[in-house]
Amino acid sequence: MSPNPEAVLSVRDLSVSFRTDARTVHAVDHVSYDLAAGEVLAVVGESGCGKSVTSMAVMGLLPPTAHITGSIRLGTRELAGGDDKAYGKIRGKDIAMIFQEPMTSLNPVLTIGRQIGEVLRRHQGLSKKEARARAVELLDLVGIPAPAQRVDEYPHQLSGGMRQRVMIAIAVACDPAVLIADEPTTALDVTVQAGILEVLQSLRERLGTAIVLITHDLGVVADIADRVLVMYAGRPVEQAPVDELFAAPRHPYTRGLLSAVLRPGASAAADGGGKRRLPEIPGLVPSLDSQPDACTFAPRCARADERCTTARPGFKSDTDDAGDGAPHLAACWHPNTLQEAAQ
Amino acid sequence: MSTPVLQLNALERHFTASGGTVRAADGVTLTVDRGEVVGLVGESGSGKSTVGRCAVRLDEPTGGTVRINGTDVTTMSRRSLRPLRKDFHLVFQDPSSSLDPRMTVGQIVAEPLRLHGVAKGEAARARVAELLAQVGLRPEHADRHPHELSGGQRQRISIARALSVDPALLVADEPTSALDVSVQASVLNLLADLQRDRGFGCLFITHDLAAVEYLADRIAVMYLGQIVEQAPTAELFADPKHPYTQALLSAAPVPDPVTQRTRERIVLSGELPSPLAPPPGCRFHTRCPLAVDRCRTEVPALRTLDSGREVSCHLVADDGTAPDAAAPRPADADTSVRTIPHSRPASA
């Protein structure tokens with residue numbers, strides 16, 4: 001696959017490994033995706049699946065011990081292999097990132113206005129006064145009430161939800177083409193989360209920002225994503241438009257994940273006092289020491305046969321695809337057919 | 001009727017802080033019957049964990065009473081409480097910080113057995129093997145240390161330890177919140193199975209509405225240190241009475257894009273007020289889309305409705321007729337609320 005020239009962000013065969021004295025850990029193993037302008041791509045998976053490392057690689061935020069191969073194109077620029085100097089020109093300007101815990105990303109001794117202004121002064125050369133005025137506008141954009149007063153407050157004076165809004169304001173200050181949001185609502189309460197999701201939604205609509213949303217919460221995915229990439233043990237296993245993924249998952253892991261999620265109306269004390277159990281995925285996630293020429297989900301998969309343990313499946317779409325333009329990819333030798341998947 | 005395993009009566013836990021008094025729990029009345037799972041739901045700062053800690057006397061209540069199996073333990077000394085500790089146990093959110101890293105799994109699970117003189121030596125070892133099997137671990141796990149196990153396995157060990165002496169009450173504080181989705185499912189299954197087989201009472205504290213709906217028989221919703229609504233699980237989800245409960249249920253996203261797109265959610269304005277200075281009148285009035293003058297001055301009591309449900313809201317009638325927080329607000333309400341239908345393009 002060659003990079004898609006129309007995508008604002010095009011990642012190809014990105015692999016990241018970490019070498020320690022004892023072993024090499026393959027955290028990300030040949031991940032590819034494209035992100036269109038104004039699109040929300042959710043990257044989903046459980047702890048250790050490589051969803052965060054993928055994004056840290058895109059942002060150039062991994063430590064020097066990380067060994068990165070593959071291509072990361074932001075518009076026409078190749079980011080892979082870029083040093084801090086190269087990244088310094090684009091981070092915060094063309095691509096920005098927000099994290100789960102805003103308090104660890106904000107400087108506790110600087111006012112939020114100063115912290116938003118910092119990006120503007122660095123990348124857009126605004127004066128102190130201009131930067132402050134723009135900071136007030138940005139706080140308003142992310143839904144912070146009384147922005148003209150709030151701009152002079154310190155992070156500890158704000159609630160968790162408001163701090164995350166400040167992080168978003170900093171991230172979008174220079175109108176980046178791509179915003180990477182790594183579990184942006186995980187540390188927040190549901191009523192606060194609802195507000196943050198509204199902000200992300202409105203940014204996409206008003207500024208056309210493309211968003212990579214990293215999350216483990218399938219409710220959040222259903223709420224805001226256009227397309228979903230599912231990762232397992234460092235590898236991509238399925239990618240599809242959101243409705244298709246939820247309605248007709250092709251990969252057995254995706255199926256397992258979706259059926260393990262609690263849905264409204266689920267109760268252990270089901271009808272007539274009978275037992276109703278949540279479906280589980282048996283077994284454990286494999287270690288990332290090796291890159292076996294096999295499907296890494298095979299040991300936990302009911303459909304696995306010999307081929308699954310001796311050859312790595314390609315990440316491709318099937319011929320019986322819906323054919324509506326957006327591809328539905330799955331890395332599986334025995335994907336659920338559309339008929340099976342829709343059940 | 002048998003004695004409830006846990007009875008909290010007007011429980012108060014106030015902390016003295018530099019700015020005044022933090023009313024973390026402020027008059028909480030709650031019972032857990034034998035064999036019943038009661039869900040205690042609320043957002044951060046609602047006081048749900050404080051209630052859980054007071055219930056097992058890890059924290060000292062500053063008012064009200066705590067009864068376990070009918071015995072008032074509110075002011076009992078640590079020493080006289082010790083033999084009673086066999087009857088109640090707590091499972092925490094993060095199993096890695098509640099398991100001693102230097103002990104083997106077998107030692108961890110056997111510790112309560114040893115402390116309460118239930119079993120020792122060979123008998124304890126046999127009991128540990130049995131408990132490990134019940135929580136889905138293998139006998140050889142007994143010789144491992146916590147760091148050698150996954151998060152889900154560690155939480156199973158916390159559960160095995162808590163249940164080793166067959167307590168009448170289990171207080172589980174966010175037991176699945178730190179776990180991945182698929183692991184969460186297996187721990188919830190485990191708790192449901194064990195609860196059914198052993199019939200202990202369980203106070204299940206969580207912010208996860210889906211998990212509580214799955215496990216609990218009855219749910220109490222907390223807001224700023226007080227219970228605002230209490231009802232059997234199915235009734236609460238089908239027909240939430242309190243405007244806060246309505247907002248909470250509407251805010252939790254449903255893992256189905258088609259449904260989620262058409263749901264209306266009530267976005268609350270404002271922020272959770274400081275528990276240092278809870279608002280006068282109804283504590284929720286500052287964010288309630290339906291608040292009227294009475295709500296700002298008069299504290300609503302937690303009333304029992306005709307149907308037996310409990311709710312503390314002036315606007316809910318005794319026959320259970322409740323206002324709809326998502327509906328257009330009445331003319332005398334002043335708090336702004338946005339009910340936002342999803343404005344996402346149908347296909348992208």
Side-chain angles (χ1 to χ4, degrees), chain A residues 36 38-40 45-48 145 159-162 188-195 197-198 201-202 205 216-227 241-243 245-247 256-269 275-282 284-285 324 326, chain B residues 37 42-45 150-153 179-186 188-189 191-193 195-196 207-211 213-217 233-234 237 244 247-261 265-272 287 338 340 342-345 347-348:
Chain A
E39 186 184 32
V40 178
E46 302 184 278
S47 327
S159 68
M162 287 299 149
L188 305 173
D189 283 318
V190 279
T191 56
V192 180
Q193 166 174 287
L197 293 176
E198 299 283 350
Q201 192 72 262
S202 81
E205 274 156 28
H216 70 281
D217 185 334
L218 291 161
V220 170
V221 174
D223 187 87
I224 192 174
D226 300 316
R227 213 149 46 87
V242 68
D243 287 6
L245 188 98
F246 278 80
L257 201 60
L258 286 171
S259 60
V261 177
L262 286 158
R263 285 155 203 279
S267 168
K275 275 195 171 188
R276 238 181 69 188
R277 296 175 60 85
L278 296 165
E280 299 174 21
I281 303 175
L284 293 173
V285 178
D324 55 0
Chain B
V37 181
E43 300 184 281
S44 352
S150 69
Q153 289 173 329
L179 306 173
D180 275 319
V181 177
S182 65
V183 185
Q184 219 170 54
S186 71
L188 285 172
N189 279 335
L191 279 171
D193 290 348
Q195 201 274 330
R196 217 164 355 222
H207 71 280
D208 184 340
L209 294 165
E213 184 180 15
Y214 176 70
L215 208 58
D217 301 311
T233 304
F237 276 87
Y244 175 65
L248 195 64
L249 296 186
S250 84
V254 173
D256 175 359
V258 180
T259 314
Q260 183 61 19
R261 209 170 289 144
R265 66 182 160 206
I266 306 162
V267 177
L268 294 175
S269 59
E271 293 177 34
L272 189 73
R287 301 170 76 197
R338 295 176 300 143
I340 302 174
H342 271 253
S343 53
R344 183 169 45 174
S347 65

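By convention in this document, chain letters (A, B, ...) are assigned in the order of the sequence lines, proteins followed by strands, and residues within each chain are numbered from 1. This is a predicted model, so every value here is computed, not measured.
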Worksheet entry | Residue selection (most heavy-atom pairs with chain B, distance under 4.5 Å) from A:Ser159, A:Pro279, A:Ser202, A:Ser259 | A:Ser159

Practice prompt. Select, from A:Arg227, A:His216, A:Arg263, the one with the greatest count of heavy-atom pairs under 4.5 Å involving chain B.
Written response: A:Arg263

Name the region of [X], side chain, backbone, both or neither, that has any atom closer than 4.5 Å to a heavy atom of chain A.
X        : result
B:Gln195 : neither
B:Ser44  : both
B:Leu188 : side chain
B:Ala211 : both

Taking every non-hydrogen atom, the tightest pair across [X] and [Y]:
X        : Y        : result
B:Ser182 : A:Ile281 : CB-CD1, 3.8 Å
B:Glu43  : A:Val190 : OE2-N, 3.7 Å
A:Gly219 : B:Pro253 : O-CB, 3.3 Å
B:Val267 : A:Glu198 : CG2-OE2, 4.1 Å
B:Val181 : A:Leu257 : CG1-O, 4.1 Å
A:Ala222 : B:Val254 : CB-O, 3.4 Å

Return the [atom1] to [atom2] distance between [X] and [Y], rounded to the nearest 0.5 Å.
X        : Y        : atom1 : atom2 : result
A:Asp243 : B:Asp256 : CG    : CG    : 8.5 Å
B:His207 : A:Asp189 : NE2   : CG    : 7.5 Å
B:Gln184 : A:Leu262 : CD    : CG    : 6.5 Å
A:Arg277 : B:Tyr214 : CZ    : OH    : 6.5 Å

Discussion item. Do A:Leu197 and B:Arg265 have side chains that approach each other closer than 4.5 Å (heavy atoms only, starting at C-beta)?
Written reply: yes

Worksheet item: Do the non-hydrogen side-chain atoms of B:Gln260 and A:Val242 ever get within less than 4.5 Å of each other?
Response: no

Discussion item. Taking side chain as everything from C-beta outward and backbone as N, CA, C, O, which of these in A:Glu46 sits under 4.5 Å from a heavy atom of chain B? Side chain, backbone, both or neither.
Written reply: both

